[in-house]
Amino acid sequence: MRWTQQLIPTLREVPQEAEIASHQLLLRAGLIRKLAGGLFTFLPLGRRALRKLEQIVREEMDRAGALEILMPAMHPQELWEQTGRFQVLRDVMFKIKDRQDRNLVLGPTHEEVVTDLIAHEVQSYRQLPINLYQIQTKFRDEIRPRFGLMRAKEFIMKDAYSFDADGAGVERSYQAMYAAYERIFQRCGLRTKAVEADSGAMGGSASHEFMVLADAGEDGLVECDACAYAANLDRAEGVSRGPRVFVDAEQLTAVAPTPSRRTVAEVAAFFQTPPARLIKTLIYVADAQPLAVLVPGNRDVNEIKLQRALQATTLALADDATVARVTGAPAGFAGPVGLPVPIFADEKLRGYRGAIAGANQPDAHRVNVDLERDVRVAAFADLSNALEGDGCPRCGAGALQARRGIEVGHVFKLGTKYSEALGAGYLDAAGQRQTPLMGCYGIGVTRTLQAVIEQSHDANGIVWPIALAPYAVEVLPINVQHGPTMQTAQALTAALEQAGLDVLLDDRDERPGVKFKDADLLGLPIRVNIGEKSLAKGVVEIKLRHSGVLTTAAPEQAPAALQACVQELWRSAAG
RNA sequence: CGGGGUGUAGCGCAGCCUGGUAGCGCGUCAGCCUUGGGCGCUGAAGGUCGCGGGUUCAAAUCCCGCCGCCCCGACCA
């Protein structure tokens, strides 16, 4: 393919809309363009990379025994009402009407549709297990689309759904998908980390997320430095190694003036004591009932854990008026002693003595708080986020490290939530009606593409792994006006294309510097420089994007040398 | 939705405070020159200054309202 016949609009400067490297490079290398917030066009090069990624996903899903289907993006709203998820996902779903005024939604995910299919088509245990998947566009009215393809309103997802007769079957299906995911990401040249995860709106029990470790990632996670434990911050348990008994522990609690000190940092500084000694008291409203949540001063409340512990459907921080009514003091001076609402305390506060908390009076805090002596705690639970340095909850020996990651895949065990609600059932060998157990497995395909770039780039541009590169080789004639240069370039391009390689010939009549810069920006794995100087020495130059290694070959040897080079890249990617 | 920022040519920006009829770099087009890391020269095209209203003799500039985009938070592949 000739560059001048392609659409490759590279940008010299960084578009102001892009913050992180991968988003900038997607735009600068001419892979995508934005239509509106969270909506993107894939230009030819972006589309080529995406197709290669989709093909890897397809091959690995097929290999794992899943069957490809294609479901509608548009769904009748009633289907979602049957599982109760129309209410749960109401805000993220795009809702439309047809000309008959029927209510339709654009699918944010497909549990309902696939289970409806299974309810009709699967009647017997002989048809199980079955795993159906598709690669298809999803629609989600995200609160805040951001970082280009990382969080878009419309994005391509691979979603798979397994149906099994029993728990052992579910485990097999889950493990098969887990293994397939590891292969997929490995083939993409991605280093991922599987972490324990919260199952959120999906419901269900176990789940793991596949994270691409990257500072630009939206998710926080922790991993143990001694064992294999890793978990999303949403659910990670950390074992506090800090002290729980502080100075003056035997003294009775007393109120001390703390003029205008509201935040943990201000109060800790005022008492010249570490923030961990403070008991942070937050007033929440769960299902319209106010309650207090206590966590150590150096930690944040984890609302996902809190909501689960309370089994609440709605949960939000109380507004200032409610705080004032409940505590009798302005926000910033709430404390647990004598509070007239139920008090839930973080596990890490057990045994806290000699602590400092709000006094429920303006401009005052309480010192020498002994949690067991002075506070009526309704229940202890894990309600706070794990912190770097916490002890590992698995092995006990290691310490947790904090990381950031991009969630590219997620696998769930769902149980019978959907199959029951939608009437999926089958007859077992004994003729008894049974409900199949489900699992679901997602990969954010477009997000994965961006994650690859986030993990594989340098100051000059993208560094494509061979498996996803839009083209494997760029042939770069330094001066297209020079006859022998162009003849060599064209002959080489033709020979490589003949051999089945994807080749881009930069036939633009541009200065060498422009073409070199663009070549680095595009990041194709292998570049062949053809110019008067090297031709005079009887060679062309072969340069590898990832290592910068430069070799030469005689023009007539070049096709064979390049094929060997490509094969070597595939080999090292597989290893 | 709350908080912060921003909107001027395809891209990156200046001009705004202190109103006077829009400018720079890159890119684009034509020509010359040059050809191993965004080269040089000449000429040209391209802008309802986000939208609406107001103040004023006069608004990119001041005031009000709205919208888009970006960042932080809840949501998630």
Side-chain angles (χ1 to χ4, degrees), chain A residues 9-20 23-24 27-28 30 33-39 57 88-93 108-110 135-160 181 197-202 207 209-212 218-219 232 234 300 303-304 307 314-317 319 405-412 440-451 460 476-482 485 508-521 527 529-536 541 543 550:
Chain A
T10 58
L11 303 175
R12 293 193 182 203
E13 293 182 90
V14 178
Q16 156 275 343
E17 72 191 49
E19 186 88 353
I20 66 173
H23 186 194
Q24 294 173 353
L27 291 164
R28 288 192 57 213
R33 285 294 182 263
K34 183 182 68 176
L35 173 65
L39 301 173
V57 171
V88 181
L89 295 177
R90 168 171 232 136
D91 292 338
V92 301
M93 285 201 280
T109 175
H110 282 242
I135 297 173
Q136 187 239 23
T137 301
K138 298 285 183 273
F139 299 87
R140 295 186 186 176
D141 193 357
E142 292 287 346
I143 299 165
R144 183 153 86 89
R146 65 178 145 180
F147 299 151
L149 305 178
M150 290 270 257
R151 179 176 301 278
K153 286 183 177 165
E154 183 184 316
F155 61 98
I156 296 174
M157 176 158 118
K158 185 287 299 175
D159 44 327
Y181 276 31
D198 185 77
S199 43
M202 287 299 168
S207 87
E209 290 167 342
F210 288 77
M211 295 285 193
V212 172
E218 295 185 274
D219 289 271
N232 190 305
D234 292 345
D300 293 323
E303 295 189 356
I304 291 170
Q307 184 154 13
T314 66
L315 177 73
L317 262 178
D319 55 30
I406 301 164
E407 183 192 351
V408 289
H410 201 158
V411 294
F412 302 81
C440 75
Y441 318 92
I443 289 179
V445 178
T446 40
R447 180 186 283 179
T448 300
L449 191 70
Q450 181 164 350
N460 295 316
L476 196 157
I478 283 161
N479 178 4
V480 298
Q481 311 278 2
H482 183 242
T485 294
R508 293 176 300 169
D509 188 5
E510 284 285 358
R511 303 273 312 174
V514 171
K515 296 167 79 159
F516 289 143
K517 287 286 186 189
D518 273 346
D520 287 342
L521 180 59
R527 188 172 99 202
N529 296 331
I530 301 174
E532 253 180 289
K533 287 188 184 173
S534 46
L535 282 181
E541 295 165 358
K543 187 166 189 187
L550 186 72

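The sequence lines fix the lettering, A, B, ..., with proteins before strands; numbering per chain opens at 1. Since this is a predicted model, take the numbers as computed values, not measurements.
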Does [X] have a side-chain nitrogen or oxygen under 4.0 Å from the phosphate oxygens OP1 or OP2 of [N]?
| X | N | result |
| --- | --- | --- |
| A:Arg146 | B:G73 | yes |
| A:Arg511 | B:G40 | no |
| A:Arg151 | B:C76 | no |

Using a distance-only criterion (donor-acceptor N/O pair, under 3.5 Å, no hydrogens), is the base of [N] paired with the side chain of [X]?
| X | N | answer |
| --- | --- | --- |
| A:Asp91 | B:C75 | no |
| A:Arg447 | B:C76 | yes |
| A:Asp520 | B:G37 | yes |
| A:Glu13 | B:G25 | yes |

Taking any heavy-atom pair under 4.0 Å as a contact, classify [X]: base, sugar-phosphate, or nothing.
| X | result |
| --- | --- |
| A:Gly37 | sugar-phosphate |
| A:Arg28 | base |
| A:Ser534 | base |
| A:Val408 | sugar-phosphate |
| A:Ala152 | base |
| A:Arg508 | nothing |
| A:Asp518 | base |
| A:Val14 | sugar-phosphate |
| A:Pro15 | sugar-phosphate |
| A:Lys543 | base |

Please identify each residue that fulfils salt bridge (Lys or Arg N to Asp or Glu O under 4.0 Å) with A:Glu142, with sequence neighbours left out.
-> A:Arg151
Under a 3.5 Å limit for both distances, which nucleotide forms a Watson-Crick or G-U wobble pair with [N], could you say?
| N | value |
| --- | --- |
| B:C69 | B:G5 |
| B:G25 | B:C11 |
| B:U34 | none |
| B:G52 | B:C64 |

Within a strict 4.5 Å, meaning less than it, do heavy atoms of the [X] and [Y] side chains meet?
| X | Y | result |
| --- | --- | --- |
| A:Asp520 | A:Arg527 | yes |
| A:Gln450 | A:Ile406 | no |
| A:Thr10 | A:Lys517 | no |
| A:Arg447 | A:Glu407 | yes |

Closest non-hydrogen atom pair between A:Ala18 and A:Leu27, with its separation |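 In this case the closest contact between A:Ala18 and A:Leu27 is CB-CD1, 3.9 Å.
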For A:Glu303 and for A:Asn479, locate the closest nucleotide of RNA chain B by heavy-atom distance; then report the residue assigned to the nucleotide nearer the 5' terminus.
-> A:Asn479
Between A:Val514 and A:Phe147, whichever has its closest RNA chain B nucleotide further toward 5' is A:Val514
Of the candidates B:G12, B:C75, B:G36, the side chain of A:Gln16 sits closest to B:G12
Given B:C71, B:U35, B:C39, the nucleotide with the shortest approach to the side chain of A:Arg144 | B:C71
Which pairs, protein N/O on one side and nucleotides 14-16 of chain B N/O on the other, fall under 3.5 Å?
none

Can a donor-acceptor pair be found between the side chains of A:Asp159 and A:Gln136 at a distance below 3.5 Å?
-> no
